[in-house]
Amino acid sequence: MDFMDAVAARRTVYALNKELPVAQQKVTDMVKRATELVPDAFNMRSQRVVIVQGAQQDALWDAVYDAFDGKVAREKIDGFKAGAGTVLYFIDTATVKGLQDQFPTYAANFPVWAQQSNGMLQFTVWTGLRELGVGANLQHYNPVIDDVVRALTGVPESYQLVAQMVYGGIVEDAGEKPGENISDRVTVIG
Ligand SMILES: Cc1cc2nc3c(=O)[nH]c(=O)nc-3n(C[C@H](O)[C@H](O)[C@H](O)COP(=O)(O)O)c2cc1C
């Protein structure tokens, strides 16, 4: 797929199932490659990713439901549970702190840059999934689910959960993107 075609094809897809059009290994390989290639400030490599799939996918979303104590509708959580897997995005705060200690002048910037790089990684994976014919949506149940995610995945204390990307077979695609006059937001000078 041409790069901008892939960018255009990436959409928020909520209606997902567990039937991936490709082997899970292809998804895993793509996520690893994206994590390797996406840039980070000072090349600090602050991004961490856990792919939750198979029976653990169901366990994750049941744990999210329990963490909210009934405050999030069962049907909503079941929509995410219906997906084949979830990519959990983290920032390793220990890595960020290491850079802050090393370069005090930029100390305030490193956590911001780590978030920016995490967003770049999320976008790359989201688009890469779509290129594989896999649908996805992006959720933010952190920080309420931080402890249950830590218990389920065993990630270290230094890992800060940033986002949860549910992926799966596409049951129903997103509608047309609403139109806009893009010149309202993009200006060319000179
Ligand atoms: C940083 C960011 C945070 C988002 N958080 C959520 C979220 O918590 N829950 C959700 O359902 N969608 C979330 N979305 C999806 C957006 O609502 C969606 O991308 C936007 O409406 C554009 O639609 P599209 O993805 O189909 O192009 C998020 C998107 C971004 C980029």
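Note that ligands are numbered from 1 as they come in the structure, with each ligand's atoms numbered from 1 the same way. Remember, it's a predicted structure, so these values are computed and weren't measured experimentally.
For the residues Q139, H140, Q164, the heavy atom positioned nearest atom 3 (C) of ligand 1 is part of H140.
T12 OG1, 3.3 Å is the protein heavy atom nearest to atom 19 (O) of ligand 1. Of the protein's non-hydrogen atoms, L138 O, 3.0 Å is the one closest to atom 7 (C) of ligand 1.
T127 and E131 form no side-chain donor-acceptor contact under 3.5 Å, judged by distance and modelled atom types alone. Side-chain atoms of Q139 and N137 form a donor-acceptor pair, as typed in the model, at a separation below 3.5 Å.
Put simply, the side chain of Q164 never gets that close to the backbone of V87: no donor and acceptor are under 3.5 Å apart.
Not a single heavy atom of F123 sits closer than 4.0 Å to an atom of ligand 1. For R10, the closest heavy-atom approach to ligand 1 falls below 4.0 Å.
Residue F68 is grouped with residue L152 when hydrophobic side chains (ILVMFWY) are merged at heavy-atom distances under 4.5 angstrom, including chains of intermediate members. Residues L20 and L16 fall into different hydrophobic clusters, defined by Ile, Leu, Val, Met, Phe, Trp and Tyr side chains chained together at heavy-atom separations under 4.5 Å.
For atom 21 (O) of ligand 1, the nearest protein heavy atom lies 4.0 Å or farther away. Counting protein heavy atoms under 4.0 angstrom from atom 17 (O) of ligand 1 gives zero.
The side-chain tip of R48 does not point at the ring of Y89 from less than 6.0 angstrom away and within 45° of straight on.
Aromatic ring orientation, F110 versus F42: perpendicular (interplanar angle above 60°, classes split at 30° and 60°).
Counting heavy atoms under 4.0 Å from ligand 1, residue W126 touches it through the side chain alone. The part of K177 lying near ligand 1 is the side chain, judged by heavy-atom distances below 4.0 Å.
Residue Y14 has at least one heavy-atom neighbour below 4.0 Å for each of these atoms of ligand 1: 10 (C), 11 (O), 12 (N). Annotation for ligand 1: atoms under 4.0 Å from non-hydrogen atoms of R11 are 24 (P), 25 (O), 26 (O), 27 (O).
Here T28 contributes atom OG1 and I51 contributes atom CD1; the two are 4.0 Å apart, rounded to the nearest 0.5 Å.
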